[in-house]
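Submitted below is the structure of interest, expressed as structure tokens.
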Amino acid sequence: MGSTYPDREMQTPRDAYNNGAKTPTILVVDDSVPSAHLVRMYLEHVGYEVVLAHDGEEALKQVAAHPPDLIVLDVMMPRLDGFAVCERLKAGPATWYIPIVLLTALNDSRDRIRGIEAGADDFLTKPFNREELLARVRSLLRLKFARDALQTERNRLALLYGISQGINSELALDEVLGKIVDQSRRALQASMCSIITFDDRQKATRQIISREGGSPAVAGRVRAAIFEEGLGAWIVEHRRSTLVRDASQDRRWLVLPSDTEPVGSVIAAPLLVGHELIGVLLATHTQPGFYDEGHLTLLNSIAAQAAVAVRNAQLYELEQQRRQDLERLQATGAAISAELNWESLVRLIVHQALHLLDAPAGSLMLLDETESYLVVKAWQGLSERYVRRERLAVRQLEQVLADAQRSFCIADLGEQQLGRSDLLLREGIRSQFSLALVASGQFLGLLNLYGQGQELQVSPAKARLAETFAQQAAIALVNARLLEHTREERGKLSAVLASTTDAVLVVDEAGSLILANPAAERTFGLKATSSIGQPLSRHLPPQLVKVFDRMGAEGQPLAVEVRTEQGRDLYVSVSPVAGVGGVAVVQDITPLKELAAMRLRSEQEQRRYIREMFERYVGPELVDRILAQETGMLQRRERRDAVVLFTDLRGFTHMTSSLPAHTVIEVLNEFFTEMVEIVHSHQGTVFDLAGDELMVGFNAPFEQQDAAERALHVAGDMQDAFGRLRDRWQEEPGVEVGLGVGLDQGSVVMGSIGAPRHMNFGLVGDAVNTAHRLVDMAQHGEIIVSKAMLAAVGGRLNGWRFEALPDTELKGKEAPEQVYRAYRIARAATAASREARDAPAGGRRRGPGSR
């Protein structure tokens, strides 16, 4: 039966609590019309049918006329408030089962207790969160429809059980089948009577045989030939009874090697429930022609009654199995919920899962610290060799856990690989059933169950049971983590309180000291035995006593600084406590005052250092932004998508060996000054100046949506500016250098890199390596870009042309990659003429020189 739940999660066919009949109706009761319509809008948006009532009396009339599936009930209403409405509904025999969510702005615990006593099923505090409202409505509807479904199933089983009393008083399937064949054999005077039952796939599951002079007994495996070419096959195909007067003359009767008694005549009838074939009832006699149409009619009547009895017994067996499964689920859920130790819990989850599904081996895999991989945290029935080497990438689960799927099955790990399936196959593991561990929408990991030698059989009912257990396990894991974290925090707090140096003083309304902690005793020279019960004026500085007097006079908390006669600065926080007097926390802030001045000097020094640090990378306006908004920039360590640009001088090595040192330095300084100005004008970041190379980053460290476009414009401006520099340098003999530019876009890691005494804010990663390989390819005047760069600008950029180059092998890459030569269209002619002018006779030159 398909589901009609409007909510997406409820539409899944794995949902076991499915009313399957109608769209759920929700009654919203609120005297505030806007509030009621807001709730109605949220609920109708996901497909629920919503009815409104604006006071308690109207709500009771609506429920009496048309009982809803759930009620969202406001508490604060005139005449009849929500508590009273809830009490009436929960007291009514026809309405007590309707779930009620109290919607209230009351936060006092006494109001919640009153709501619980009135019978409310859940609470939501105004203003409420839409997702929380829908989640709680969905949860309560599941519970209601589960209760309705269970009640319906019980009623149906009771009715079927009553009908089955006409045949027998047993509901155990083997007992029922035994009585059927025994009574049928006697009624038909048969030498042998047999009944074979089928599952929903028309596969034989049981065979019970009764022979004359013996008791009914369970037979062995049903031979396939009977239902492939024998009389059984004829019954399955035609679905009607038949008479074999002489078995020796009828080709449908197969003589099997195991047959020890002669068969003369045979009658057989299908067990039909509606159009469903659930079994075959067959009787034989040693005498040919013994059976006639009268016997066949009698067999048909028995078969009709037997079909009802068998179906009832099957349903009973199924219900018993469900009950046992639910009991086991309840027991396993209680066991893992009670275990709050993390290490014990993960092992217990695996153990209980194996017990629940009768699996020989299993493992619990949870996200590692990167949340990109799953690692094994607990296991059973597996080797250490597999556990140590298994590391499953989360991206591998995207297909098998698509569309919020809660489980998946791999019938043959040899054909469908997942993680280190090769290691599992070596251990005899052939199949795998995995459950997603999800709590509050957060994916935690996988619970895996394995089959050895053959496929692990998991029926739909077992899968739903396992999915429910997985949800319980996920919640238990989250709770254990929370408890572990809470204990850690509580321990830290206890340690802080035990070692605090703050003085705590408590006085009564008369101004006498009634409590002082050890820090207070040390601070003010108090003694617990003699100071308690004495007026404050006898033991505390007058300035502090005045603060207590002021608090008593005003009746308000105070927080002030006082300076004692001894020159100590104290920060006093004092509050009145009803029925006690007052409590004060006193801090000696004399050292803090001294540290404040030191801290101010330190902060000024830090800002100076940051300015000097980042003025090497970015323009002045970005330095100001760092100082204003990004004070933690030097501590940042992150992975991000960036564009990396490299420039490299061609012929630089030859120039350095042939020209005076001062000429080389002047050329480099003039080159870097011009290039850095271009980078800063486009708000790029200079990450490295090394020799004759320049490395520039975009979208790092600041977000730049147009990083690729900026980088290309910088590259073009650099080539234009370098052309002007080169023309001027060529007037001096020997200064013959060219410029190549390489760009890539991709993943980098950004942060402060180096040693404690020498630290740079830099980039590393694949995009850095690739851009460097591309600049090595670039000849003078060329801009070489990667395929990723071209994709980043959408394959085209106004004012630019991209020429595809042959696939190029780049160091560190597994396969050749497509790269492109980029041109500025508007300046292409100028560049071409300059290149022609610079090229030596006899062909295009590769640049002024290479490294």
Side-chain angles (χ1 to χ4, degrees), residues 1-32 35-75 77 80 82-104 115-116 118-124 126 128-156 464 468 471:
M1 182 180 293
S3 173
T4 59
Y5 279 104
D7 195 35
R8 177 181 299 176
E9 182 180 343
M10 295 184 180
Q11 290 175 348
T12 171
R14 298 184 304 275
D15 191 273
Y17 309 115
N18 172 354
N19 70 333
K22 63 182 182 62
T23 299
T25 301
I26 299 175
L27 173 62
V28 177
V29 187
D30 198 328
D31 61 327
S32 170
S35 179
H37 281 281
L38 177 63
V39 177
R40 178 180 186 175
M41 178 186 68
Y42 286 161
L43 296 173
E44 287 186 341
H45 180 71
V46 295
Y48 295 114
E49 181 179 336
V50 180
V51 179
L52 298 182
H54 297 295
D55 62 55
E57 295 291 350
E58 183 184 356
L60 293 174
K61 293 178 181 179
Q62 289 272 19
V63 173
H66 302 287
D69 294 306
L70 182 140
I71 300 173
V72 179
L73 179 61
D74 186 32
V75 171
M77 293 187 298
L80 197 63
F83 294 132
V85 173
C86 186
E87 288 174 348
R88 291 194 187 184
L89 292 174
K90 291 300 181 180
T95 57
W96 66 268
Y97 62 90
I98 300 176
I100 297 177
V101 180
L102 284 183
L103 193 61
T104 176
I116 292 172
D121 298 279
D122 211 338
F123 295 85
L124 270 179
K126 292 182 178 179
F128 57 85
N129 178 276
R130 173 184 177 273
E131 285 72 19
E132 184 180 8
L133 170 67
L134 295 178
R136 297 195 180 202
V137 166
R138 182 187 306 120
S139 176
L140 289 175
L141 284 175
R142 282 177 178 268
L143 292 175
K144 178 182 182 296
F145 291 139
R147 184 170 56 241
D148 292 347
L150 182 58
Q151 187 61 41
T152 300
E153 183 69 3
R154 287 175 177 171
N155 293 339
R156 188 164 67 90
R464 290 193 295 270
T468 303
Q471 289 178 336

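Just the heavy atoms: all of them, side chains too, but no hydrogens, waters or symmetry mates, feed the values below.
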What are the two closest heavy atoms between D30 and H54, and how far apart are they?
O-ND1, 3.0 Å
Could you measure the distance from the CG atom of L124 to the CG atom of L73? Nearest 0.5 Å is fine.
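Reported value, rounded in 0.5 Å steps: 12.0 Å.
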First locate atom CZ of R130, then atom CG of L43, and finally report the distance between them rounded to the nearest 0.5 Å.
9.0 Å
Assess the residue pair Q62 and V51 against the criterion (side-chain contact (heavy atoms from CB on, under 4.5 Å)); give the C-alpha distance rounded to whole Å, side-chain angles, the decisive distance to 0.1 Å, and a yes or no.
CA-CA 9 Å; Q62 289 272 19; V51 179; 3.8 Å; yes
Side chain to side chain contact (heavy atoms under 4.5 Å, CB included) filter on K90, not counting sequence neighbours, yields C86, I100, D121
Considering non-hydrogen atoms only, spot the tightest contact between G47 and T23 and give its length.
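Result for this residue pair: O-CG2, 3.1 Å.
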Can you check whether I98 reaches P68 side chain to side chain, under 4.5 Å on heavy atoms?
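Of all side-chain heavy-atom pairs linking P68 with I98, at least one is under 4.5 Å.
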Start with the C-alpha gap between R88 and L60, add the side-chain angles, then the distance that decides, and say whether side-chain contact (heavy atoms from CB on, under 4.5 Å) holds.
CA-CA 8 Å; R88 291 194 187 184; L60 293 174; 3.5 Å; yes
Heavy-atom check, side chain of D74 versus side chain of V28, under 4.5 Å:
no
In short, L52 meets V50 closest at the heavy-atom pair CD2-CG1, 4.1 Å
Just how far is it from atom CD1 of I26 to atom OH of Y42, taken to the nearest 0.5 Å?
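One gets 14.5 Å once the value is rounded to the nearest 0.5 Å.
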Nearest 0.5 Å please: distance from the OG1 atom of T95 over to the CG atom of L89.
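Going from the OG1 atom of T95 to the CG atom of L89 covers 4.5 Å.
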Report yes if the side chains of L134 and H45 come closer than 4.5 Å at any heavy-atom pair, otherwise no.
no
Check: S35 side chain, D31 main-chain N or O, donor-acceptor pair, under 3.5 Å
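No: the side chain of S35 does not pair with the backbone of D31.
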Going through the distances and angles, do R138 and V46 end up as a side-chain contact (heavy atoms from CB on, under 4.5 Å)?
CA-CA 11 Å; R138 182 187 306 120; V46 295; over 6 Å; no
How close do V29 and A59 get, heavy atom to heavy atom, and via which atoms?
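Here V29 and A59 meet closest at CG2-CB, 3.6 Å.
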Can you pull the salt bridge (Lys or Arg N to Asp or Glu O under 4.0 Å) pairs that have at least one residue in residues 54-67, sequence neighbours excluded?
D55-R79
Specify the closest pair of heavy atoms between E87 and A118, including all atoms of both residues, with the distance to one decimal.
CG-CB, 3.5 Å
How long is the span from the OG atom in S32 to the CE atom in M77, to the nearest 0.5 Å?
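Here the interatomic distance stands at 11.5 Å.
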Note, F145 side chain near D69 side chain (heavy atom, < 4.5 Å)
yes
Specify the closest pair of heavy atoms between V137 and L70, including all atoms of both residues, with the distance to one decimal.
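Scanning both residues, the minimum pair turns out to be O-CD1, 3.9 Å.
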